[in-house]
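As the structure is a prediction and not an experimental result, all values here were calculated from the model.
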Amino acid sequence: MQKRDQIYEGKAKILYTTDSPDHIIQYFKDDATAFNAAKKGTIQDKGVMNNKISSRIFEFLQSQGIETHFEKMLGDREMLVKRVQIVPLEVIIRNKAAGSLCRLLGLKEGLALACPVLEFCFKEDKLNDPMINEYHIRALKFASEQELETMKKYAFKINELMSKFFLKLNLELIDFKLEFGRFKGKIILADEISPDTCRLWEVGTGKKLDKDRFRQDLGNIAEAYQEVLSRVTK
Ligand code: UDP
């Protein structure tokens, strides 16, 4: 598939058109941002690692009946995906308290939640991706009722599948963010799933193997991503 024009450059990825109108290429960069880009840096070979981790996870989810935009890996930093219209929402699932939930409710990091928590955020950088609820989504027509139900159902199912998947690798899935897109009238999983978008703690030690190492200046960031890559591709 021939790479053609750049259509978008985001914080962590660049998107290119291809010969096919239904496909685009996602190119993964080493750039890292946190706190809505207030903190910036680069992580050596993060793009390569996230492309590989994300590809592996999409393959796994596809094998379990979740439709995703993933087609195939094209190179170290490139993935061929279906061209979707992104729903302007971040769908977050949490199994333990961390990050913004701790700040919001004054919780201790690592507090176990009695059931998984689903949150929606409106994807709008200039507003800092504010948390919204289902009524906002309906009232502002960010998604149809049916799309909303599909995204919720998928998110909880993906949580079950990925929690088990990572636990076998001795990693605990604390929380993660999903993005969905519309493709030929259907909602499918899009974007990426990587240590940039998931919190993963090593079972037993509680060692953080995700972007919190960058957010919190914990050091050995690339090593942590490499550790996740080795485990998911073992
Ligand atoms: N997350 C993400 N992109 C965002 C915001 C959050 O991938 O723009 C992920 C984040 O890595 C974590 C989960 O979603 O796995 C929950 O993030 P939280 O709201 O706690 O983010 P924080 O405010 O700590 O960055």
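Applying the side chain to side chain contact (heavy atoms under 4.5 Å, CB included) criterion to Q226, with sequence neighbours excluded, gives M49, L229, S230. The salt bridge (charged side-chain N to carboxylate O under 4.0 Å, His left out) search around E59 returns none, not counting sequence neighbours. Shown here are the side chain to side chain contact (heavy atoms under 4.5 Å, CB included) partners of D217, two or more places apart in sequence or in another chain: K39. Annotation: ring-ring contact (aromatic ring centres under 6.0 Å, His included) contacts of F142 (sequence neighbours excluded): F122. Taking the ring-ring contact (aromatic ring centres under 6.0 Å, His included) definition, one finds that F58 meets it with H69, sequence neighbours left out. When the side-chain hydrogen bond (donor to acceptor under 3.5 Å, both in side chains) test is applied to Q64, no partner is found at least two apart in sequence or on another chain. For S100, the side-chain hydrogen bond (donor to acceptor under 3.5 Å, both in side chains) partners at least two apart in sequence or on another chain are R94.
Using a 4.0 Å cut-off between charged nitrogen and carboxylate oxygen, K46 and D31 do not count as a salt-bridge pair. Salt bridge annotation for R213-E223: absent, with no cationic side-chain nitrogen under 4.0 angstrom from a carboxylate oxygen.
Each of V48 and I53 belongs to its own hydrophobic cluster when Ile, Leu, Val, Met, Phe, Trp and Tyr are linked at side-chain heavy-atom distances under 4.5 angstrom.
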Using residues 161-171 as the side-chain source, report each donor-acceptor pair under 3.5 Å to any protein atom, sequence neighbours left out, with the distance given to one decimal.
from	atom 1	to	atom 2	distance (Å)
S163	OG	N159	O	2.7
S163	OG	N159	OD1	3.3

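Side-chain contacts under 4.5 Å among hydrophobic residues (ILVMFWY), followed directly or transitively, place I174 together with W201. Grouped with M73 in a hydrophobic cluster is no other residue, since no side-chain heavy-atom contact under 4.5 Å to another Ile, Leu, Val, Met, Phe, Trp or Tyr is found. In the hydrophobic clustering (ILVMFWY side chains linked at under 4.5 Å, chained through shared members), V117 is joined by L101, L104, L105, L107, L111, L113, M131.
For the side chain to side chain donor-acceptor pair (under 3.5 Å) with D22, the lone residue among R83, K82, K184 that qualifies is K184.
The salt bridge (Lys or Arg N to Asp or Glu O under 4.0 Å) pairs that include a residue from residues 101-113 are E109-K208, where partners are two or more places apart or lie in different chains.
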